[in-house]
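Notes follow the structure.
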Amino acid sequence: MEWVHLSMRAVHVVLGSFWVGTVLFAMLYLDPAVREAGADGGRVMGILLRRGYLRTILLVGAVVVLSGVYLLWTLSGGFSAGFMGSASGILISTGGLAGILALLVGAHVSLPTARKLGELGRQLAESGGGAPAQDELDEMAHLRRKLTRALRTAGILLLVAILSMALGPHV
């Protein structure tokens, strides 16, 4: 059984690093660059979405959360009250909750918002290149702001998660 635990730890750490790093890169660099690039940035995001960027991030996040639940279960002796009520248990559980919330933000806010934004962009591109109506521009701006807020929220939650996981075993 030791190989299962070590495998789960490796999956959790490697994919967790990828998840956090990708979200932080998107939050700090990609999103501002896309906004600054205007229509060209929208095209880049459309390409990333078609290539499965958000689906991949969400799948990785789901694997990280599931492997984390397994690791917490084994570390805590089946979620024993003694461990879960300890400083380490509380800190690690807080990190786990932050990771779950980040995954939910991605699945229930970022993905649907990005899809709506992509669909609106496609509709505007297919409309013959005329100037978009003000309500269409307003809707696109609203969706972009919503996506930026979701990305920032997920990034902050993942920072809380990674810090809690790093410090939890040592308190």
request  = Evaluate side-chain contact (heavy atoms from CB on, under 4.5 Å) for M84 paired with I90, printing each intermediate quantity in order.
outcome  = CA-CA 6 Å; M84 297 304 285; I90 291 169; over 6 Å; no
Same cluster for [X] and [Y] if Ile/Leu/Val/Met/Phe/Trp/Tyr side chains link at under 4.5 Å?
| X | Y | value |
| --- | --- | --- |
| L167 | V160 | no |
| V14 | L6 | no |
| L59 | M8 | no |
| M165 | V171 | no |
| L54 | L15 | yes |

Rounded distance [0.5 Å steps], [atom1] in [X] versus [atom2] in [Y]:
| X | Y | atom1 | atom2 | result |
| --- | --- | --- | --- | --- |
| S164 | L97 | OG | CG | 9.5 Å |
| L30 | M27 | CG | CE | 12.5 Å |
| L71 | L66 | CG | CG | 11.0 Å |
| L103 | I57 | CG | CD1 | 11.0 Å |
| I100 | L157 | CD1 | CG | 11.0 Å |
| T113 | H142 | OG1 | NE2 | 7.5 Å |

So which atom in [X] and which in [Y] form the shortest heavy-atom distance, rounded to 0.1 Å?
| X | Y | result |
| --- | --- | --- |
| A26 | P32 | O-CD, 4.0 Å |
| A102 | A154 | CB-O, 4.0 Å |
| L111 | A107 | CB-O, 4.0 Å |
| A161 | G99 | CB-N, 3.9 Å |
| R50 | R55 | O-NH2, 4.4 Å |

Quiz item: Would I92 and F83 satisfy side-chain contact (heavy atoms from CB on, under 4.5 Å), going step by step from the backbone distance to the final call?
Solution: CA-CA 10 Å; I92 292 170; F83 179 82; 4.3 Å; yes
Self-check item: Qualifying residue for side-chain contact (heavy atoms from CB on, under 4.5 Å) with L158, from L163, V64, L24, V23
Solution: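 In the set L163, V64, L24, V23, the residue that makes a side-chain contact (heavy atoms from CB on, under 4.5 Å) with L158 is V23.
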* Minimum side-chain heavy-atom gap W19-V65 below 4.5 Å -> yes
Return yes when atom CZ of R35 has more than 12 non-hydrogen atoms of other residues, nucleotides or ligands closer than 6.0 Å, and no otherwise. yes
- prompt: Got a sec: does the CD of Q134 have more than 12 other heavy atoms crowding it under 6.0 Å?
  reply: yes
**Asked** Which residues satisfy the side chain to side chain contact (heavy atoms under 4.5 Å, CB included) test with D40, sequence neighbours excluded?
**Response**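 Scan of D40 (side chain to side chain contact (heavy atoms under 4.5 Å, CB included), adjacent residues dropped) gives A37, R43.
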